[in-house]
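Throughout, protein chains are lettered first and strands after them, A, B, ... in sequence-line order, and every chain is numbered starting at 1.
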Amino acid sequence: METAKSLRVRVWRGGESGYWAEYAVAARDNQTVLDVVTEIQRRHEPSLAYRFACRVGVCGSCAMTVNGQPRWTCRTHVRKVVHDGQLTIEPLRNLPRIKDLVCDLEPFIDTWQRAGAIFQGRSDRNDPPQKVDPESISRKQADAALQCINCGVCYSACDVVYWNRRYLGPAALNRVWTLLNDERHSEHQGTFNKAFSRDGCSSCHSHGNCARFCPVELSPASSIAGLKKMAFRGYKARLAHE
Amino acid sequence: MLSPLRSHRSYLASLGHRVSGLALTLFLPFHFIMLASALGGSRSLDTALSLIDQPVFRIAEWGLVVLLALHLSFGLRVIGLEMSDSETPRKFGKWVISCAGFALLAGLLMLFQMT
(Lines give C-alpha, C1' and ligand atoms only; values in the text may rest on other atoms or scores of the structure.)
Protein backbone atom coordinates (compact mmCIF):
# COMPACT_ATOMS: atom_id res chain seq x y z
CA MET A 1 0.00 0.00 0.00
CA GLU A 2 1.25 3.45 -0.93
CA THR A 3 2.11 5.69 2.03
CA ALA A 4 3.35 9.27 2.41
CA LYS A 5 6.86 7.85 2.45
CA SER A 6 6.63 6.18 -0.90
CA LEU A 7 7.39 7.11 -4.47
CA ARG A 8 5.07 6.54 -7.39
CA VAL A 9 7.31 5.24 -10.16
CA ARG A 10 6.10 4.92 -13.75
CA VAL A 11 8.30 2.52 -15.70
CA TRP A 12 8.21 1.71 -19.41
CA ARG A 13 7.49 -1.98 -20.00
CA GLY A 14 7.91 -3.59 -23.39
CA GLY A 15 9.87 -2.71 -26.51
CA GLU A 16 8.95 -0.15 -29.18
CA SER A 17 5.34 -0.79 -28.26
CA GLY A 18 4.51 -1.30 -24.64
CA TYR A 19 2.82 0.33 -21.68
CA TRP A 20 3.53 2.27 -18.51
CA ALA A 21 3.52 0.26 -15.31
CA GLU A 22 3.28 2.05 -11.99
CA TYR A 23 4.95 0.87 -8.78
CA ALA A 24 4.99 2.20 -5.24
CA VAL A 25 8.53 2.17 -3.90
CA ALA A 26 9.65 3.15 -0.40
CA ALA A 27 11.23 6.61 -0.30
CA ARG A 28 14.56 6.74 1.51
CA ASP A 29 16.88 9.54 2.53
CA ASN A 30 19.76 8.33 0.39
CA GLN A 31 18.45 6.75 -2.75
CA THR A 32 19.52 6.90 -6.36
CA VAL A 33 17.24 6.29 -9.32
CA LEU A 34 19.22 3.09 -9.98
CA ASP A 35 18.38 1.97 -6.41
CA VAL A 36 14.71 2.51 -7.21
CA VAL A 37 14.90 0.47 -10.43
CA THR A 38 16.77 -2.30 -8.61
CA GLU A 39 14.15 -2.34 -5.83
CA ILE A 40 11.36 -2.65 -8.39
CA GLN A 41 13.13 -5.59 -10.02
CA ARG A 42 13.96 -7.33 -6.75
CA ARG A 43 10.64 -6.82 -4.95
CA HIS A 44 7.91 -6.04 -7.48
CA GLU A 45 8.73 -7.16 -11.00
CA PRO A 46 11.49 -9.79 -11.41
CA SER A 47 11.14 -9.72 -15.21
CA LEU A 48 12.03 -6.02 -15.45
CA ALA A 49 15.04 -5.60 -17.77
CA TYR A 50 17.56 -2.85 -17.16
CA ARG A 51 21.28 -2.36 -17.61
CA PHE A 52 23.98 -1.36 -15.15
CA ALA A 53 27.52 -2.33 -14.23
CA CYS A 54 29.73 -0.16 -12.03
CA ARG A 55 27.05 1.75 -10.04
CA VAL A 56 29.52 4.59 -9.39
CA GLY A 57 29.46 6.71 -12.56
CA VAL A 58 32.37 5.14 -14.39
CA CYS A 59 30.83 2.89 -17.05
CA GLY A 60 27.77 4.90 -18.16
CA SER A 61 25.74 1.76 -18.85
CA CYS A 62 22.86 2.70 -16.50
CA ALA A 63 21.87 5.76 -18.55
CA MET A 64 18.09 6.11 -18.84
CA THR A 65 15.52 8.85 -19.30
CA VAL A 66 14.27 10.10 -15.94
CA ASN A 67 11.38 12.57 -15.90
CA GLY A 68 12.13 13.39 -19.55
CA GLN A 69 15.86 13.94 -19.15
CA PRO A 70 18.67 11.50 -20.01
CA ARG A 71 20.81 10.75 -16.95
CA TRP A 72 23.13 8.27 -15.33
CA THR A 73 20.70 6.70 -12.90
CA CYS A 74 23.49 5.63 -10.53
CA ARG A 75 24.57 9.25 -10.04
CA THR A 76 21.10 10.74 -9.80
CA HIS A 77 19.66 11.18 -6.33
CA VAL A 78 15.91 10.72 -6.28
CA ARG A 79 15.34 13.85 -4.20
CA LYS A 80 16.91 15.98 -6.92
CA VAL A 81 14.58 14.78 -9.68
CA VAL A 82 11.39 13.61 -8.00
CA HIS A 83 8.35 15.70 -8.92
CA ASP A 84 5.24 15.53 -6.71
CA GLY A 85 6.42 12.19 -5.39
CA GLN A 86 6.55 10.75 -8.90
CA LEU A 87 9.32 9.43 -11.13
CA THR A 88 8.98 8.46 -14.77
CA ILE A 89 11.68 6.15 -16.05
CA GLU A 90 12.10 4.99 -19.65
CA PRO A 91 14.98 3.95 -21.94
CA LEU A 92 17.27 6.47 -23.63
CA ARG A 93 15.61 8.38 -26.46
CA ASN A 94 16.78 8.07 -30.10
CA LEU A 95 17.75 4.40 -29.75
CA PRO A 96 15.72 1.26 -30.53
CA ARG A 97 14.05 -0.19 -27.45
CA ILE A 98 14.84 -3.84 -26.78
CA LYS A 99 12.96 -4.56 -23.57
CA ASP A 100 11.77 -2.36 -20.73
CA LEU A 101 14.64 0.01 -19.85
CA VAL A 102 17.20 -1.55 -22.16
CA CYS A 103 17.91 0.04 -25.52
CA ASP A 104 20.05 -1.10 -28.44
CA LEU A 105 23.26 0.97 -28.55
CA GLU A 106 24.33 -0.31 -31.98
CA PRO A 107 23.18 2.79 -33.95
CA PHE A 108 25.13 4.95 -31.50
CA ILE A 109 28.31 2.85 -31.79
CA ASP A 110 27.85 2.81 -35.55
CA THR A 111 28.11 6.62 -35.66
CA TRP A 112 31.69 6.37 -34.38
CA GLN A 113 32.57 4.14 -37.34
CA ARG A 114 30.81 6.37 -39.86
CA ALA A 115 32.43 9.51 -38.43
CA GLY A 116 35.91 8.07 -38.91
CA ALA A 117 36.43 8.43 -35.18
CA ILE A 118 39.07 5.72 -35.11
CA PHE A 119 42.67 6.42 -34.25
CA GLN A 120 45.24 5.50 -36.90
CA GLY A 121 48.80 5.85 -35.68
CA ARG A 122 51.78 6.92 -37.75
CA SER A 123 54.23 4.49 -36.15
CA ASP A 124 54.37 0.87 -35.06
CA ARG A 125 55.64 -0.98 -31.99
CA ASN A 126 59.23 -0.83 -33.21
CA ASP A 127 59.28 2.98 -33.26
CA PRO A 128 59.99 5.03 -30.15
CA PRO A 129 56.93 6.70 -28.56
CA GLN A 130 55.99 9.85 -30.41
CA LYS A 131 56.58 12.99 -28.37
CA VAL A 132 53.53 15.16 -27.75
CA ASP A 133 53.82 18.66 -26.36
CA PRO A 134 51.20 18.85 -23.56
CA GLU A 135 51.27 22.65 -23.74
CA SER A 136 50.41 22.92 -27.44
CA ILE A 137 47.03 24.46 -28.28
CA SER A 138 45.86 21.42 -30.23
CA ARG A 139 46.75 19.07 -27.36
CA LYS A 140 44.88 21.23 -24.86
CA GLN A 141 41.84 21.26 -27.15
CA ALA A 142 41.97 17.47 -27.44
CA ASP A 143 42.42 17.03 -23.69
CA ALA A 144 39.36 19.18 -22.97
CA ALA A 145 37.17 16.75 -24.90
CA LEU A 146 38.78 13.44 -23.98
CA GLN A 147 36.84 12.23 -20.96
CA CYS A 148 33.84 10.85 -22.88
CA ILE A 149 32.86 7.33 -21.75
CA ASN A 150 30.33 6.71 -24.56
CA CYS A 151 27.29 6.59 -22.30
CA GLY A 152 25.00 7.89 -25.06
CA VAL A 153 23.37 10.62 -22.93
CA CYS A 154 24.28 13.39 -25.42
CA TYR A 155 23.09 11.25 -28.35
CA SER A 156 19.81 10.73 -26.56
CA ALA A 157 19.46 14.44 -25.68
CA CYS A 158 20.18 15.67 -29.21
CA ASP A 159 17.11 16.85 -31.13
CA VAL A 160 18.98 16.75 -34.46
CA VAL A 161 19.46 12.99 -33.93
CA TYR A 162 15.74 12.81 -33.09
CA TRP A 163 14.90 14.44 -36.43
CA ASN A 164 17.56 12.67 -38.52
CA ARG A 165 18.76 9.27 -37.32
CA ARG A 166 21.61 9.40 -39.86
CA TYR A 167 23.17 12.40 -38.10
CA LEU A 168 26.53 11.45 -36.62
CA GLY A 169 25.66 13.00 -33.28
CA PRO A 170 27.62 14.85 -30.60
CA ALA A 171 29.67 11.98 -29.11
CA ALA A 172 31.19 10.77 -32.40
CA LEU A 173 31.91 14.33 -33.56
CA ASN A 174 33.46 15.14 -30.19
CA ARG A 175 35.76 12.16 -30.70
CA VAL A 176 36.58 13.38 -34.23
CA TRP A 177 37.58 16.73 -32.73
CA THR A 178 40.06 15.01 -30.39
CA LEU A 179 41.54 13.04 -33.31
CA LEU A 180 41.94 16.08 -35.54
CA ASN A 181 43.82 17.75 -32.70
CA ASP A 182 46.01 14.70 -32.16
CA GLU A 183 49.27 15.03 -34.04
CA ARG A 184 49.83 11.26 -33.81
CA HIS A 185 46.69 10.55 -35.88
CA SER A 186 47.63 9.81 -39.50
CA GLU A 187 44.20 9.93 -41.20
CA HIS A 188 43.39 13.61 -40.65
CA GLN A 189 41.98 14.24 -44.11
CA GLY A 190 39.86 11.07 -44.17
CA THR A 191 38.47 11.77 -40.69
CA PHE A 192 37.78 15.39 -41.63
CA ASN A 193 35.92 14.37 -44.80
CA LYS A 194 33.72 11.90 -42.91
CA ALA A 195 32.94 14.45 -40.19
CA PHE A 196 31.77 16.86 -42.90
CA SER A 197 29.76 14.27 -44.84
CA ARG A 198 26.10 14.91 -45.53
CA ASP A 199 24.91 13.97 -42.04
CA GLY A 200 27.99 15.32 -40.31
CA CYS A 201 28.75 18.33 -38.16
CA SER A 202 27.17 20.86 -40.53
CA SER A 203 23.79 19.48 -39.44
CA CYS A 204 24.29 20.68 -35.84
CA HIS A 205 21.78 23.37 -34.83
CA SER A 206 23.76 24.49 -31.77
CA HIS A 207 20.90 23.69 -29.38
CA GLY A 208 23.52 22.88 -26.75
CA ASN A 209 21.60 19.88 -25.31
CA CYS A 210 24.76 17.75 -25.49
CA ALA A 211 26.75 20.20 -23.37
CA ARG A 212 23.89 20.83 -20.98
CA PHE A 213 23.18 17.19 -20.16
CA CYS A 214 26.64 15.59 -20.43
CA PRO A 215 27.18 13.89 -17.03
CA VAL A 216 30.93 14.61 -17.12
CA GLU A 217 30.36 18.21 -18.21
CA LEU A 218 32.07 17.93 -21.56
CA SER A 219 30.94 20.29 -24.29
CA PRO A 220 30.50 18.35 -27.55
CA ALA A 221 28.77 21.46 -28.94
CA SER A 222 32.07 23.33 -28.54
CA SER A 223 33.92 20.49 -30.26
CA ILE A 224 31.47 20.64 -33.17
CA ALA A 225 31.90 24.43 -33.28
CA GLY A 226 35.65 23.79 -33.36
CA LEU A 227 35.23 21.52 -36.37
CA LYS A 228 33.20 24.20 -38.15
CA LYS A 229 35.87 26.76 -37.34
CA MET A 230 38.51 24.40 -38.66
CA ALA A 231 36.66 24.21 -41.96
CA PHE A 232 36.05 27.96 -42.05
CA ARG A 233 39.69 28.81 -41.49
CA GLY A 234 40.90 26.40 -44.15
CA TYR A 235 41.69 22.92 -43.12
CA LYS A 236 43.89 22.28 -46.14
CA ALA A 237 45.98 25.33 -45.36
CA ARG A 238 46.40 24.04 -41.83
CA LEU A 239 47.52 20.65 -43.09
CA ALA A 240 50.05 22.26 -45.43
CA HIS A 241 51.34 24.35 -42.55
CA GLU A 242 51.84 21.25 -40.42
CA MET B 1 4.87 21.75 -20.09
CA LEU B 2 7.99 21.84 -22.25
CA SER B 3 10.37 18.92 -21.99
CA PRO B 4 13.59 19.64 -20.02
CA LEU B 5 15.39 19.01 -23.31
CA ARG B 6 13.58 21.92 -24.93
CA SER B 7 13.17 24.49 -22.20
CA HIS B 8 16.70 25.72 -21.52
CA ARG B 9 18.04 29.02 -22.84
CA SER B 10 20.21 27.74 -25.68
CA TYR B 11 17.36 25.67 -27.06
CA LEU B 12 14.89 28.55 -26.77
CA ALA B 13 17.35 30.80 -28.61
CA SER B 14 17.65 28.26 -31.40
CA LEU B 15 13.86 27.94 -31.52
CA GLY B 16 13.48 31.74 -31.64
CA HIS B 17 15.98 31.93 -34.48
CA ARG B 18 14.19 29.25 -36.46
CA VAL B 19 10.63 30.51 -35.89
CA SER B 20 11.54 34.14 -36.63
CA GLY B 21 13.29 32.97 -39.82
CA LEU B 22 10.25 31.01 -40.96
CA ALA B 23 7.93 33.92 -40.15
CA LEU B 24 10.15 36.27 -42.16
CA THR B 25 10.11 33.81 -45.06
CA LEU B 26 6.31 33.93 -45.04
CA PHE B 27 6.18 37.70 -44.68
CA LEU B 28 8.85 38.87 -47.11
CA PRO B 29 7.13 37.78 -50.37
CA PHE B 30 4.21 40.09 -49.51
CA HIS B 31 6.70 42.86 -48.74
CA PHE B 32 8.32 42.40 -52.15
CA ILE B 33 4.95 42.30 -53.91
CA MET B 34 4.23 45.66 -52.29
CA LEU B 35 7.54 47.08 -53.51
CA ALA B 36 7.03 45.58 -56.95
CA SER B 37 3.79 47.52 -57.31
CA ALA B 38 6.02 50.58 -57.86
CA LEU B 39 6.88 49.14 -61.27
CA GLY B 40 3.29 49.75 -62.34
CA GLY B 41 3.61 53.47 -61.65
CA SER B 42 3.05 55.78 -58.68
CA ARG B 43 -0.71 55.20 -58.66
CA SER B 44 -0.50 51.48 -58.10
CA LEU B 45 2.16 52.02 -55.42
CA ASP B 46 -0.03 54.62 -53.68
CA THR B 47 -2.93 52.17 -53.70
CA ALA B 48 -0.73 49.51 -52.15
CA LEU B 49 0.68 51.94 -49.60
CA SER B 50 -2.80 53.03 -48.56
CA LEU B 51 -3.28 49.52 -47.17
CA ILE B 52 -0.45 50.14 -44.73
CA ASP B 53 -2.56 52.64 -42.79
CA GLN B 54 -4.93 49.88 -41.76
CA PRO B 55 -4.30 48.65 -38.17
CA VAL B 56 -3.67 45.06 -39.19
CA PHE B 57 -0.84 46.15 -41.50
CA ARG B 58 0.59 48.46 -38.85
CA ILE B 59 0.70 45.56 -36.41
CA ALA B 60 2.27 43.31 -39.08
CA GLU B 61 4.86 46.01 -39.78
CA TRP B 62 5.72 46.14 -36.08
CA GLY B 63 5.96 42.36 -35.99
CA LEU B 64 8.31 42.42 -38.98
CA VAL B 65 10.73 44.75 -37.21
CA VAL B 66 10.67 42.65 -34.02
CA LEU B 67 11.19 39.45 -36.02
CA LEU B 68 14.10 40.99 -37.91
CA ALA B 69 15.70 42.14 -34.66
CA LEU B 70 15.20 38.68 -33.12
CA HIS B 71 16.56 36.89 -36.17
CA LEU B 72 19.56 39.21 -36.41
CA SER B 73 20.51 38.93 -32.74
CA PHE B 74 19.99 35.15 -32.54
CA GLY B 75 21.98 34.79 -35.77
CA LEU B 76 24.83 36.80 -34.25
CA ARG B 77 24.66 34.48 -31.25
CA VAL B 78 25.18 31.43 -33.48
CA ILE B 79 28.10 33.09 -35.27
CA GLY B 80 29.63 34.03 -31.92
CA LEU B 81 29.12 30.54 -30.55
CA GLU B 82 30.64 28.85 -33.57
CA MET B 83 33.47 31.29 -34.23
CA SER B 84 34.60 32.29 -30.75
CA ASP B 85 37.57 30.45 -29.28
CA SER B 86 36.50 30.64 -25.67
CA GLU B 87 32.71 30.63 -25.50
CA THR B 88 30.64 27.50 -24.79
CA PRO B 89 26.88 26.96 -25.03
CA ARG B 90 26.69 27.22 -21.24
CA LYS B 91 28.33 30.65 -21.25
CA PHE B 92 26.12 31.69 -24.13
CA GLY B 93 23.02 31.44 -21.96
CA LYS B 94 23.37 35.09 -21.02
CA TRP B 95 23.31 36.07 -24.69
CA VAL B 96 19.77 34.80 -25.04
CA ILE B 97 18.40 37.42 -22.66
CA SER B 98 20.42 40.12 -24.45
CA CYS B 99 19.03 39.01 -27.83
CA ALA B 100 15.44 39.06 -26.57
CA GLY B 101 16.11 42.45 -24.93
CA PHE B 102 17.46 43.85 -28.20
CA ALA B 103 14.33 42.70 -30.06
CA LEU B 104 12.11 44.19 -27.34
CA LEU B 105 13.98 47.49 -27.55
CA ALA B 106 13.60 47.55 -31.34
CA GLY B 107 9.89 46.89 -30.89
CA LEU B 108 9.52 49.70 -28.35
CA LEU B 109 11.40 52.18 -30.57
CA MET B 110 9.12 51.20 -33.42
CA LEU B 111 6.06 51.78 -31.24
CA PHE B 112 7.30 55.28 -30.31
CA GLN B 113 7.92 56.02 -33.96
CA MET B 114 4.44 54.85 -34.94
CA THR B 115 2.59 56.85 -32.28
Side-chain angles (χ1 to χ4, degrees), chain A residues 65-71 76 80-81 83-84 88 90 92-94 137-138 140-141 144-145 153-163 170 173-174 177 181 201-214 217-233, chain B residues 1-28 63 66-106:
Chain A
T65 305
V66 183
N67 284 358
Q69 183 176 324
R71 293 174 170 279
T76 302
K80 287 190 177 173
V81 293
H83 185 68
D84 289 338
T88 301
E90 55 191 311
L92 286 179
R93 192 177 71 142
N94 296 340
I137 292 172
S138 59
K140 285 182 175 174
Q141 284 176 329
V153 163
C154 60
Y155 189 82
S156 172
C158 179
D159 252 5
V160 182
V161 175
Y162 180 71
W163 297 326
L173 292 170
N174 182 69
W177 173 243
N181 279 291
C201 67
S202 303
S203 299
C204 173
H205 285 228
S206 301
H207 291 153
N209 280 8
C210 51
R212 183 171 179 81
F213 299 110
C214 174
E217 299 190 347
L218 295 181
S219 181
S222 301
S223 299
I224 294 169
L227 289 171
K228 290 177 181 175
K229 258 180 287 188
M230 202 178 259
F232 183 74
R233 290 173 184 171
Chain B
M1 195 177 101
L2 274 175
S3 148
L5 301 177
R6 294 172 181 162
S7 54
H8 58 93
R9 286 178 183 174
S10 286
Y11 194 94
L12 294 176
S14 180
L15 191 66
H17 192 209
R18 177 58 56 95
V19 171
S20 60
L22 287 171
L24 285 171
T25 306
L26 293 174
F27 187 91
L28 284 173
V66 173
L67 284 173
L68 275 171
L70 262 182
H71 199 67
L72 168 71
S73 54
F74 283 141
L76 288 173
R77 171 191 165 272
V78 174
I79 291 172
L81 180 62
E82 296 189 345
M83 290 298 142
S84 156
D85 281 326
S86 60
E87 293 289 357
T88 65
R90 282 169 199 263
K91 290 181 189 169
F92 259 67
K94 60 181 181 287
W95 275 56
V96 179
I97 296 170
S98 308
C99 293
F102 173 70
L104 187 67
L105 185 67

Open item on the list: Quick one, B/L5 and A/P70 - any side-chain contact, counting heavy atoms below 4.5 Å?
Closed with: yes

TODO: Dump the intermediate steps for side chain to side chain contact (heavy atoms under 4.5 Å, CB included) on A/H207 and B/S14, then the final yes or no.
DONE: CA-CA 6 Å; A/H207 291 153; B/S14 180; 2.9 Å; yes

TODO: First locate atom CG of A/N209, then atom OG of B/S3, and finally report the distance between them rounded to the nearest 0.5 Å.
DONE: 8.0 Å

TODO: For the residue pair A/F213 and B/H8, categorise the inter-ring angle as parallel (less than 30°), tilted (30 to 60°) or perpendicular (more than 60°).
DONE: perpendicular

Open item on the list: Would you say CD1 of A/I137 has more than 12 non-hydrogen atoms from neighbouring residues, nucleotides or ligands within 6.0 angstrom?
Closed with: no

Task: Any side-chain heavy-atom pair of B/R18 and A/H205 under 4.5 Å - done: yes

Task: Within 6.0 Å of CZ in B/F27, more than 12 heavy atoms from elsewhere - done: yes

TODO: Measure A/N67 against the heavy atoms of chain B and call it side chain, backbone, both or neither at under 4.5 Å.
DONE: backbone

- [ ] Report the distance from atom CE of B/M83 to atom CZ of A/R233, rounding to the nearest 0.5 Å.
- [x] 7.0 Å

- [ ] For the residue pair B/E82 and A/K229, establish whether any side-chain heavy-atom pair is separated by less than 4.5 Å.
- [x] no

